[in-house]
Amino acid sequence: MKHLSSGTKVQPQTSIIEAEGDAENLHMSWRASMNILEYASGIATRTNKILTKARKVNPKIEILATRKIFPGTKELSVKAVIVGGGLPHRLGLSETVLVFKQHLNFIGAITLL
């Protein structure tokens with residue numbers, strides 16, 4: 001099997017993966033592999049395009065991705081964002097505490113120490 005490394009920028013019509021095997025197995029894996037590759041490549045490409053445009057305005061800016069993803073694709077989506085030059089935002093709920101306006105209706109004001 002031949003393949004390009006993750007994050008490699010390629011020109012249109014470039015072959016990025018080749019595989020050998022019997023027709024039945026290749027056919028079964030082809031469609032799923034293509035969909036996964038298109039999904040991850042799309043995230044990486046869009047992240048990179050946004051980051052490139054944003055850095056023309058502010059070279060120090062970072063782009064952070066949302067956690068709103070398709071179920072079962074978290075690791076793939078996070079890697080695609082990173083390959084595109086972005087950063088993941090809150091990989092888990094344990095990393096930060098969010099307080100929404102609705103919470104203040106119940107607990108009142110927040111006092112910082």
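All residue numbers refer to positions in the sequence shown, counting from 1.
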Indicate yes or no for a side-chain donor-acceptor contact from [X] to the backbone of [Y] under 3.5 Å, with no hydrogens or angles considered.
| X | Y | answer |
| --- | --- | --- |
| Ser41 | Glu38 | no |
| Thr45 | Gly42 | no |
| Arg55 | Lys60 | no |

Could I get the full list of side chain to side chain contact (heavy atoms under 4.5 Å, CB included) partners for Val57, not counting sequence neighbours?
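Val57: no side chain to side chain contact (heavy atoms under 4.5 Å, CB included) contacts found.
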Who are the side chain to side chain contact (heavy atoms under 4.5 Å, CB included) partners of Lys79, not counting sequence neighbours?
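Once residues adjacent in sequence are excluded, the partners of Lys79 under the side chain to side chain contact (heavy atoms under 4.5 Å, CB included) criterion are Ser6, Val83.
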Just so I know, are the side chains of [X] and [Y] near enough to count as touching, which here means a heavy-atom distance under 4.5 Å?
| X | Y | value |
| --- | --- | --- |
| Val10 | Thr8 | yes |
| Leu76 | Ile36 | yes |
| Asn48 | Lys9 | yes |

Could you walk me through whether Val81 and Ile43 pass side chain to side chain contact (heavy atoms under 4.5 Å, CB included), step by step?
CA-CA 6 Å; Val81 165; Ile43 291 171; 3.7 Å; yes
Quick one: closest heavy-atom pair of [X] and [Y], and the distance?
| X | Y | result |
| --- | --- | --- |
| Ala40 | Ala80 | O-CB, 3.4 Å |
| Val78 | Pro88 | CG1-CB, 4.0 Å |
| Ala54 | Ile63 | CB-CD1, 4.3 Å |
| Leu51 | Gly84 | CD2-O, 4.2 Å |

Please assess Lys49 against Thr52 for the test side chain to side chain contact (heavy atoms under 4.5 Å, CB included), listing each intermediate value before the final yes or no.
CA-CA 5 Å; Lys49 283 181 180 180; Thr52 300; 5.8 Å; no
Show me the pairs that pass ring pair (Phe, Tyr, Trp, His ring centres under 6.0 Å) and involve residues 18-71, at least two apart or across chains.
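Checked against ring pair (Phe, Tyr, Trp, His ring centres under 6.0 Å) - neighbours excluded - the pairs reaching residues 18-71 are Tyr39-Phe70.
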Does the pair Leu64 and Glu62 meet the rule for a side chain to side chain contact (heavy atoms under 4.5 Å, CB included), with working shown?
CA-CA 6 Å; Leu64 281 77; Glu62 297 291 347; 4.1 Å; yes
